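Reviewing the structure listed below.
When a residue number appears, it is its place in the shown sequence, counting from 1. Values in this document were obtained by computation on a predicted structure and should not be read as measured data.
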Amino acid sequence: MSMIRSVTLLLSFTLALPAIAAGLEVGDAAPDFTLAASDGNTYSLADFRGKQAVVLAWYPRAFTSGCTVECKSLAENGHLIRDYDVTYFMASVDPLADNKRFAEETGADFPLLSDPDKTVAEAYGVLVGMGFAKRHTFYIGVDGTIVKIDTSVQPATAAQDMAASLGELGIARR
């Protein structure tokens, strides 16, 4: 087997590892976070506990093709998600300045969270050895527990899929 093929297979396996590799499963308390966002605010998961469900959509890197498609899907179809009583974020380990530019470029009308020290990505089990996050989406109930982990996110239909999951999970409508 060639070296390139070996590396490609290893990379594919690494990216496909489920978030439960970090020990997180449905029913677990979601790791708390306090992260700066592209909209100039700082968000903490604790602020939503007991008030509203949260969706945390991790993405590998700003300005890459799949991430751009995913972010545009959420921006262009966010009305489907906003039908539910939920706050939703995309999150990456990119520096805040990069996420601000990425949000502007994609027309994101929701916050992009930055985790440049990678501690939150590590707590969620999405950090890969190459230093970026896996494309996994965490659905967190009003009580702060994880109610779904999507490890098969399709960037082009991210918003529609997210809205469908919210409905399936019984998240209240606004």
Side-chain angles (χ1 to χ4, degrees), residues 15 19 30-49 51-128 130-142 144 146-167 169 171 173-174:
L15 293 176
D32 201 10
F33 60 79
T34 299
L35 296 172
S38 57
D39 64 2
N41 294 314
T42 299
Y43 295 90
S44 295
L45 182 59
D47 294 339
F48 299 96
R49 195 167 295 117
K51 300 174 188 166
Q52 194 173 46
V54 172
V55 178
L56 184 60
W58 287 95
Y59 65 99
R61 191 158 321 269
F63 304 105
T64 58
S65 61
C67 298
T68 299
V69 168
E70 181 179 6
C71 194
K72 285 184 177 182
S73 172
L74 296 180
E76 294 168 1
N77 299 292
H79 63 281
L80 300 172
I81 302 163
R82 288 187 296 274
D83 281 346
Y84 294 90
D85 189 18
V86 66
T87 295
Y88 62 103
F89 304 100
M90 285 184 71
S92 75
V93 298
D94 293 308
L96 182 58
D98 288 356
N99 274 347
K100 284 182 177 182
R101 286 194 325 275
F102 186 53
E104 290 171 13
E105 182 178 293
T106 58
D109 57 353
F110 56 91
L112 278 61
L113 304 177
S114 291
D115 179 28
D117 69 7
K118 304 174 182 171
T119 56
V120 179
E122 191 169 6
Y124 275 83
V126 298
L127 189 63
V128 297
M130 295 179 7
F132 56 87
K134 296 179 218 175
R135 189 183 317 280
H136 290 176
T137 299
F138 291 79
Y139 295 79
I140 303 166
V142 175
I146 297 171
V147 295
K148 179 178 180 174
I149 303 170
D150 184 355
T151 61
S152 301
V153 177
Q154 300 299 311
T157 59
Q160 294 90 330
D161 298 341
M162 193 179 286
S165 288
L166 292 168
L169 292 167
I171 302 298
R173 289 188 173 266
R174 292 186 193 253

Open item on the list: Between Asn77 and Ala159 (side chain of the first, backbone of the second, donor and acceptor by atom type, cut-off under 3.5 Å), is there such a pair?
Closed with: no

TODO: For residues Ser114 and Leu35, report the shortest heavy-atom separation together with the two atoms involved.
DONE: O-CD2, 3.3 Å

Open item on the list: Testing the basics here: between Tyr124 and Ala30, what is the closest heavy-atom pair and its distance to 0.1 Å?
Closed with: OH-CB, 3.6 Å

TODO: May I ask you to test the Phe110-Ile81 pair for a side-chain heavy-atom distance under 4.5 Å?
DONE: no

TODO: Identify the heavy atoms of Glu70 and Ala158 that sit nearest to each other, and give their distance.
DONE: CG-CB, 3.7 Å

Open item on the list: With rounding to the nearest 0.5 angstrom, report the OH to CD1 distance, Tyr139 to Ile149.
Closed with: 11.5 Å

- [ ] Specify the closest pair of heavy atoms between Asp85 and Lys51, including all atoms of both residues, with the distance to one decimal.
- [x] OD2-O, 4.1 Å

Open item on the list: In the structure I gave you, are the side-chain heavy atoms of Tyr59 and Leu112 within less than 4.5 Å of one another anywhere?
Closed with: yes

- [ ] Measure the shortest side-chain to side-chain distance between Pro155 and Ser73 over non-hydrogen atoms and say whether it is less than 4.5 angstrom.
- [x] no

Open item on the list: Can you tell me how the ring of Tyr43 sits relative to the ring of Phe48, calling it parallel under 30°, perpendicular over 60° and tilted otherwise?
Closed with: parallel

- [ ] Answer whether the closest heavy-atom distance between the side chains of Ser38 and Phe89 falls below 4.5 Å.
- [x] no

TODO: Any chance you could measure Arg82, atom CZ, to Leu166, atom CG, to the nearest 0.5 Å?
DONE: 12.5 Å

Open item on the list: Rounded at 0.5 Å granularity, tell me how far OH in Tyr88 sits from CG in Leu74.
Closed with: 6.5 Å

- [ ] Would you mind reporting whether Arg61 and Asp94 have side-chain heavy atoms less than 4.5 Å apart?
- [x] yes

- [ ] For residues Lys72 and Glu76, determine if any side-chain heavy atom of one lies less than 4.5 Å from a side-chain heavy atom of the other.
- [x] yes

Task: Separation of Glu105 CD from Asp98 CG (nearest 0.5 Å) - done: 11.0 Å

Open item on the list: Once rounded to the nearest 0.5 Å, what's the spacing between atom CD1 of Ile171 and atom CD of Gln52?
Closed with: 10.0 Å

Open item on the list: To the closest 0.5 Å, what do you measure between OG1 (Thr42) and CZ (Phe33)?
Closed with: 11.5 Å

Task: Beyond-backbone contact of Trp58 with Val120, side-chain heavy atoms, under 4.5 angstrom - done: yes

- [ ] Heavy atoms only: give me the nearest Leu45-Pro31 pair and the separation to one decimal.
- [x] CD2-O, 3.5 Å

Open item on the list: Is it the case that the side chain of Asn99 and the backbone of Leu113 share a donor-acceptor pair, with hydrogens and angles ignored and the cut-off at 3.5 Å?
Closed with: yes

Task: Ser92 side chain reached by Phe132 side chain, heavy atoms, under 4.5 Å - done: no

- [ ] Verify, without hydrogens or angle tests, whether Ser165 (side chain) and Asp161 (backbone) share a donor-acceptor contact under 3.5 angstrom.
- [x] yes

Task: Closest contact, heavy atoms only, Met90 versus Cys71 - done: SD-CA, 3.6 Å

TODO: Provide the full list of salt bridge (charged side-chain N to carboxylate O under 4.0 Å, His left out) pairs with a residue in residues 30-44, sequence neighbours left out, each pair given once.
DONE: none

Task: Any donor-acceptor N/O pair, Arg174 side chain to Tyr84 backbone, under 3.5 Å - done: yes

